[in-house]
Amino acid sequence: QVQVVESGGGLVQPGASLRLSCAASGRYFTTYTMGWFRRAPGKEREFVASIAWSDGRQYYSDAVKGRFTISRDNAENTVSLRMSSLKPDETAVYYCAIQYRKYSSGSHSDQSEFDAWGQGTQVTVSS
(Lines give C-alpha, C1' and ligand atoms only; values in the text may rest on other atoms or scores of the structure.)
Protein backbone atom coordinates (compact mmCIF):
# COMPACT_ATOMS: atom_id res chain seq x y z
CA GLN A 1 0.00 0.00 0.00
CA VAL A 2 1.15 3.50 -0.81
CA GLN A 3 0.57 6.49 1.45
CA VAL A 4 0.60 10.09 0.33
CA VAL A 5 0.44 12.81 2.96
CA GLU A 6 0.16 16.54 2.35
CA SER A 7 0.90 19.34 4.76
CA GLY A 8 1.16 23.10 4.80
CA GLY A 9 -2.31 24.34 3.98
CA GLY A 10 -3.93 27.22 5.78
CA LEU A 11 -5.53 30.63 5.58
CA VAL A 12 -3.63 33.39 3.79
CA GLN A 13 -4.44 36.83 2.48
CA PRO A 14 -4.63 37.60 -1.24
CA GLY A 15 -1.18 38.17 -2.65
CA ALA A 16 0.52 36.08 0.01
CA SER A 17 2.67 33.01 -0.42
CA LEU A 18 2.30 29.52 0.94
CA ARG A 19 4.29 26.31 0.71
CA LEU A 20 2.76 22.86 0.54
CA SER A 21 4.69 19.67 1.13
CA CYS A 22 3.97 16.06 0.30
CA ALA A 23 5.58 12.79 1.25
CA ALA A 24 4.99 9.41 -0.34
CA SER A 25 5.81 6.09 1.26
CA GLY A 26 4.94 2.45 0.99
CA ARG A 27 5.40 -0.43 -1.35
CA TYR A 28 6.22 0.64 -4.86
CA PHE A 29 9.28 0.41 -7.01
CA THR A 30 9.70 3.62 -8.94
CA THR A 31 8.43 7.17 -8.81
CA TYR A 32 7.78 8.52 -12.29
CA THR A 33 5.98 11.74 -11.45
CA MET A 34 4.57 13.54 -8.47
CA GLY A 35 2.02 16.25 -8.85
CA TRP A 36 -0.45 18.65 -7.31
CA PHE A 37 -4.09 19.06 -8.16
CA ARG A 38 -6.82 21.16 -6.60
CA ARG A 39 -10.58 21.19 -6.25
CA ALA A 40 -12.25 24.51 -5.66
CA PRO A 41 -15.77 24.64 -4.18
CA GLY A 42 -18.29 23.58 -6.79
CA LYS A 43 -15.67 22.77 -9.40
CA GLU A 44 -13.94 19.72 -10.80
CA ARG A 45 -10.52 18.75 -9.59
CA GLU A 46 -7.86 20.24 -11.86
CA PHE A 47 -4.19 19.87 -12.55
CA VAL A 48 -1.85 22.41 -10.94
CA ALA A 49 1.74 21.23 -11.36
CA SER A 50 3.87 18.12 -11.60
CA ILE A 51 7.49 17.13 -11.72
CA ALA A 52 9.17 14.24 -13.49
CA TRP A 53 11.30 12.27 -11.09
CA SER A 54 13.97 11.23 -13.58
CA ASP A 55 15.05 14.65 -14.76
CA GLY A 56 13.16 17.14 -12.61
CA ARG A 57 11.27 18.60 -15.54
CA GLN A 58 8.37 20.70 -14.29
CA TYR A 59 4.88 21.07 -15.72
CA TYR A 60 2.36 23.76 -14.82
CA SER A 61 -1.16 24.71 -15.67
CA ASP A 62 -1.48 28.03 -17.43
CA ALA A 63 -3.31 29.42 -14.41
CA VAL A 64 -0.33 29.07 -12.10
CA LYS A 65 2.65 29.33 -14.43
CA GLY A 66 5.08 31.96 -13.21
CA ARG A 67 3.62 32.06 -9.70
CA PHE A 68 3.90 28.49 -8.45
CA THR A 69 7.06 26.41 -8.25
CA ILE A 70 7.20 22.67 -7.77
CA SER A 71 10.35 20.99 -6.47
CA ARG A 72 11.37 17.53 -5.39
CA ASP A 73 13.71 15.76 -3.02
CA ASN A 74 14.53 12.41 -4.58
CA ALA A 75 16.21 10.99 -1.52
CA GLU A 76 13.27 11.77 0.75
CA ASN A 77 10.62 11.10 -1.91
CA THR A 78 8.96 14.39 -1.17
CA VAL A 79 7.60 17.16 -3.32
CA SER A 80 6.83 20.76 -2.46
CA LEU A 81 4.71 23.43 -4.07
CA ARG A 82 5.63 27.03 -3.49
CA MET A 83 2.63 29.24 -4.25
CA SER A 84 3.00 32.98 -4.64
CA SER A 85 0.62 35.85 -5.35
CA LEU A 86 -2.30 33.74 -4.29
CA LYS A 87 -5.78 34.77 -5.40
CA PRO A 88 -9.13 34.26 -3.65
CA ASP A 89 -10.35 32.00 -6.44
CA GLU A 90 -7.45 29.66 -5.68
CA THR A 91 -9.17 28.66 -2.49
CA ALA A 92 -9.37 24.91 -2.80
CA VAL A 93 -8.41 21.57 -1.41
CA TYR A 94 -4.97 20.79 -2.77
CA TYR A 95 -4.14 17.16 -3.43
CA CYS A 96 -0.79 15.52 -3.93
CA ALA A 97 -0.51 12.44 -6.10
CA ILE A 98 2.15 10.02 -7.21
CA GLN A 99 2.56 8.17 -10.47
CA TYR A 100 4.46 4.94 -9.83
CA ARG A 101 3.32 2.96 -12.86
CA LYS A 102 4.69 3.68 -16.29
CA TYR A 103 2.00 4.85 -18.71
CA SER A 104 2.50 4.81 -22.45
CA SER A 105 0.99 8.27 -22.87
CA GLY A 106 3.75 9.87 -20.88
CA SER A 107 1.24 12.33 -19.44
CA HIS A 108 2.24 14.40 -16.46
CA SER A 109 -1.17 15.95 -15.88
CA ASP A 110 -3.80 13.30 -16.54
CA GLN A 111 -5.44 12.54 -13.21
CA SER A 112 -6.35 9.04 -14.30
CA GLU A 113 -2.65 8.22 -14.61
CA PHE A 114 -1.78 9.02 -11.02
CA ASP A 115 -1.80 5.95 -8.83
CA ALA A 116 -2.10 7.14 -5.26
CA TRP A 117 -3.54 10.29 -3.74
CA GLY A 118 -3.37 12.12 -0.48
CA GLN A 119 -6.37 13.25 1.53
CA GLY A 120 -5.84 16.87 0.56
CA THR A 121 -4.98 20.02 2.43
CA GLN A 122 -7.20 23.10 2.54
CA VAL A 123 -5.87 26.38 1.23
CA THR A 124 -8.06 29.41 1.84
CA VAL A 125 -7.18 32.75 0.30
CA SER A 126 -9.21 35.49 1.92
CA SER A 127 -8.84 38.90 3.48
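- Minimum heavy-atom separation, Trp36 to Ser21: CH2-O, 3.5 Å.
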- [ ] Show your reasoning for whether ring pair (Phe, Tyr, Trp, His ring centres under 6.0 Å) applies to Phe47 and Phe37.
- [x] CA-CA 4 Å; Phe47 168 73; Phe37 298 78; 5.7 Å; yes
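- A 4.5 Å side-chain heavy-atom check between Thr124 and Val12 finds every atom pair outside the cut-off.
- Between Ile51 atom CD1 and Arg72 atom CZ the span is 5.0 Å, to the nearest 0.5 Å.
- Looking at Val2 and Trp117, their side chains never come closer than 4.5 Å, going by heavy atoms from C-beta outward.
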Open item on the list: As a quick check of understanding, evaluate side chain to side chain contact (heavy atoms under 4.5 Å, CB included) for Tyr32 and His108, giving each step before the final call.
Closed with: CA-CA 9 Å; Tyr32 289 99; His108 297 277; over 6 Å; no
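- Applying the disulfide (SG to SG under 2.5 Å) test to residues at least two apart or on different chains, the pairs with a partner in residues 26-115 are Cys22-Cys96.
- Under the salt bridge (charged side-chain N to carboxylate O under 4.0 Å, His left out) criterion, Asp55 pairs with no residue, sequence neighbours left out.
- For the pair Pro14 and Ser127, the tightest heavy-atom approach, listed with the atom from each and the gap, is CD-N, 3.7 Å.
- Here the straight-line distance linking atom OG of Ser50 with atom CG of Asp110 works out to 11.0 Å at 0.5 Å rounding.
- A donor-acceptor pair is defined here as one N or O able to donate and one able to accept, closer than 3.5 Å; such a pair exists between the side chain of Glu6 and the backbone of Gln119.
- Glu90 pairs by the salt bridge (charged side-chain N to carboxylate O under 4.0 Å, His left out) definition with Arg38, Arg67, not counting sequence neighbours.
- The shortest distance between side-chain heavy atoms of Val93 and Thr121 does not fall below 4.5 Å.
- Taking the side chain as every heavy atom from C-beta outward, Thr33 and Phe114 approach each other to under 4.5 Å.
- Residues Phe68 and Arg82 have side chains not in contact (no heavy-atom distance under 4.5 Å, counting atoms from C-beta outward).
- Both Tyr95 and Tyr59 sit in one connected hydrophobic cluster of ILVMFWY residues. Membership requires side-chain heavy atoms under 4.5 Å apart, directly or through other members.
- Between Ala24 and Ile98, the closest heavy-atom pair is CB-CD1, 3.9 Å.
- Here Met34 contributes atom CE and Ser71 contributes atom OG; the two are 11.0 Å apart, rounded to the nearest 0.5 Å.
- Residues satisfying the side-chain hydrogen bond (donor to acceptor under 3.5 Å, both in side chains) test with Ser104, not counting sequence neighbours, are none.
- For the salt bridge (charged side-chain N to carboxylate O under 4.0 Å, His left out) test, residues two or more places apart in sequence or in another chain that qualify with Asp115 are Arg101.
- Distance check: Tyr94 OH to Leu20 CG gives 7.5 Å after rounding to the nearest 0.5 Å.
- Residues that satisfy the side-chain hydrogen bond (donor to acceptor under 3.5 Å, both in side chains) test with Gln58, not counting sequence neighbours, are Tyr60.
- Checked by atom type, the side-chain pair Arg27/Gln1 shows no donor-acceptor distance below 3.5 Å.
- Counting heavy atoms from C-beta on, the side chains of Thr91 and Gln122 come closer than 4.5 Å.
- When side chains are defined from C-beta on, Ser61 does not count as touching Glu46, because their heavy atoms never get closer than 4.5 Å.
- Taking both residues in full, the closest heavy atoms of Ala49 and Leu81 are given as CB-CD1, 4.1 Å, listed atom of the first, atom of the second, then distance.
- Here the shortest heavy-atom pairing between Trp53 and Asp73 reads CZ2-O, 3.9 Å.
- At a threshold of 4.5 Å between non-hydrogen side-chain atoms, the residues Ser126 and Leu11 count as touching.
- Of the N and O atoms on the side chains of Glu113 and Ser105, at least one donor lies less than 3.5 Å from an acceptor on the other residue.
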